[in-house]
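Chain A is the first sequence line, chain B the second, and so forth, proteins listed ahead of strands; every chain is numbered from 1. Note that the coordinates shown come from a computational prediction; the quantities given were computed from them, not determined experimentally.
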Protein chains: 2
Amino acid sequence: MISDTIRLLNDNGLRKTDCRLDVLDFLLSQEHAVTHGQLEAEFPDFDRVTLYRTLSTFEDKGIIHDVKDGSGATKYAVCKHGSCSEHGHDDEHVHFKCIKCEQVSCVDNVHIPHIPLPEGFRAKSKNLLVEGLCNNC
Amino acid sequence: MISDTIRLLNDNGLRKTDCRLDVLDFLLSQEHAVTHGQLEAEFPDFDRVTLYRTLSTFEDKGIIHDVKDGSGATKYAVCKHGSCSEHGHDDEHVHFKCIKCEQVSCVDNVHIPHIPLPEGFRAKSKNLLVEGLCNNC
DNA sequence: AAGCAATATGCAACAGTATTGCAATTTAGA
DNA sequence: TCTAAATTGCAATACTGTTGCATATTGCTT
Ligand SMILES: [Mn+2]
Ligand SMILES: [Mn+2]
Ligand SMILES: [Zn+2]
Ligand SMILES: [Zn+2]
């Protein structure tokens, strides 16, 4: 819904530009995390740098978060729980990457368990990528 | 010890070239995972492509494994438990990255716990990166 | 509705990581 | 020592991402 898109931009004090509206609308419609390259293919009329900056802006505001799946290209997905903002992200959920279809999804309801560390080490954040076969493959 | 280096190359049917001997000897001496760039700085006389291929060869043989720490540059560390080979890696241990000194270390004795996944998803491997402060920072 | 200042965009240039093809060199074994 | 196979160095290229700057657009004020 385009009104969700507009509301998100308003709530975050972001100007409603063509690029932001189209990109955010697209991101909200995706089941899986997307790369900058996919956005480039989807929106060939926006400059690639503008797309990078749009992603960066959304991430700064806590609208989307990035997922590093080891493919070389950073992927992005909308933050779900409303617990992310310009003051920081709270995305300590699991990410799943299918080894067949290569899609990356947020496993939002699975929290990363506590990890015991050796003496002297203090954890500040955790990032868990599970790879395997998804429910479609 | 250089003899460890030679034995590793022999055991894996690899020719003992200058580059492999020097690089593997260096990798065995490191406490932390190293990047290709560090090897380039350490061994300016070897071509950068040769260094890439050397790392790739070692990884294929299960001598080293890679660590993606989100920095953009892949890091490499020697496989510890002898459970890795050309038939596959068994490196489901935690990796720790210090947010201050940026060093990445293998937390070999901490196993990644079982992660429950939604219906239909099947895990094949897990990759956990913990970030925080190390015992020196 | 027009004007304005702040913001966002497009373009060009550049940096960093990594891969490929191919000719020349080196290795290991006969 | 000779040879075939493996390895190396070099040049070229791909891909991801960032920066500076001139131009265009946005949201607000008048
Ligand atoms: Mn996520
Ligand atoms: Mn490791
Ligand atoms: Zn799949
Ligand atoms: Zn540290």
Side-chain angles (χ1 to χ4, degrees), chain A residues 2 5-26 33-61 63-76 86 97 102 104, chain B residues 2 5-26 33-61 63-76 86 97 102 104:
Chain A
I2 196 73
T5 306
I6 291 175
R7 185 167 32 247
L8 262 172
L9 292 179
N10 280 337
D11 290 355
N12 286 283
L14 293 176
R15 291 188 173 182
K16 289 171 282 297
T17 66
D18 292 348
C19 184
R20 288 177 183 168
L21 286 165
D22 285 0
V23 169
L24 185 49
D25 198 47
F26 179 75
V34 303
T35 61
H36 169 269
Q38 287 174 266
L39 292 179
E40 243 189 306
E42 187 75 18
F43 303 109
D45 291 346
F46 296 121
D47 189 82
R48 51 192 301 281
V49 177
T50 302
L51 292 172
Y52 273 118
R53 291 197 264 229
T54 298
L55 288 169
S56 177
T57 300
F58 290 166
E59 190 169 20
D60 286 348
K61 292 296 187 179
I63 298 172
I64 63 178
H65 64 279
D66 61 282
V67 188
K68 305 268 172 58
D69 73 344
S71 70
T74 305
K75 293 183 171 165
Y76 297 89
E86 61 207 320
K97 179 180 189 179
E102 307 238 280
V104 170
Chain B
I2 195 73
T5 306
I6 292 177
R7 183 167 35 249
L8 262 172
L9 293 179
N10 280 335
D11 290 354
N12 286 282
L14 293 175
R15 291 187 174 185
K16 290 170 282 296
T17 66
D18 291 348
C19 184
R20 288 176 183 167
L21 287 165
D22 285 0
V23 169
L24 185 49
D25 198 46
F26 178 76
V34 303
T35 61
H36 169 269
Q38 288 174 266
L39 292 180
E40 240 188 309
E42 188 74 19
F43 303 109
D45 291 346
F46 295 121
D47 189 82
R48 47 193 307 283
V49 177
T50 302
L51 292 171
Y52 273 119
R53 292 198 264 232
T54 298
L55 288 168
S56 178
T57 299
F58 290 166
E59 190 168 20
D60 287 348
K61 293 295 186 178
I63 298 172
I64 64 177
H65 64 279
D66 61 283
V67 188
K68 306 269 173 57
D69 72 345
S71 70
T74 306
K75 292 184 173 167
Y76 297 88
E86 60 207 321
K97 180 180 187 178
E102 307 238 280
V104 171

Practice task
Report, as a single string ordered 5' to 3', how protein heavy atoms within less than 4.0 Å touch nucleotides 14-21 of chain C: B base, S sugar-phosphate only, - not at all.
Solution key: ---BBBBB
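- A:D45 places its CG atom 13 Å from the C1' atom of C:dT9, with the value rounded to the nearest Å.
- One interatomic measurement links the two molecules: CZ of A:R15 to P of C:dT9, which rounds to 10 Å at whole-angstrom precision.
- The separation between A:L55 atom CG and C:dA8 atom C1' is 15 Å, rounded to whole Å.
- Atom P of nucleotide C:dT7 and atom CG of A:N12 are separated by 16 Å, given to the nearest angstrom.
- When rounded to the nearest whole Å, the span between NZ of A:K75 and C1' of D:dC15 equals 15 Å.
- Note: CZ (B:F46) to P (C:dT25) measures 17 Å, nearest angstrom.
- Atom CG of B:L14 and atom P of D:dA5 are 18 Å apart (whole Å).
- A straight line from CG of B:D22 to P of D:dT7 spans 16 Å, rounded to a whole angstrom.
- Nearest nucleotide to the side chain of A:T50, out of C:dT9, C:dA8, D:dT7: C:dT9.
- Within the 4.5 Å cutoff, no side-chain heavy atoms of B:T17 are placed close to those of B:T54.
- Counting only distance, with no hydrogens or angles, the side chain of B:D25 and the backbone of B:L21 share no donor-acceptor pair below 3.5 Å.
- With B:T57 contributing its side chain and B:R53 its backbone, the two residues share a donor-acceptor pair below 3.5 Å.
- A donor-acceptor pair under 3.5 Å is absent between the side-chain atoms of A:R20 and the main chain of A:L9, judged by distance alone.
- Between B:Y76 and B:F58, a ring centre-to-centre spacing not shorter than 6.0 Å is recorded.
- A:N12 contributes no side-chain N or O that, together with a main-chain N or O of A:L14, makes up a donor-acceptor pair within less than 3.5 Å.
- Taking only side-chain nitrogens and oxygens, B:T17 comes nearer than 4.0 Å to OP1 or OP2 of D:dT8.
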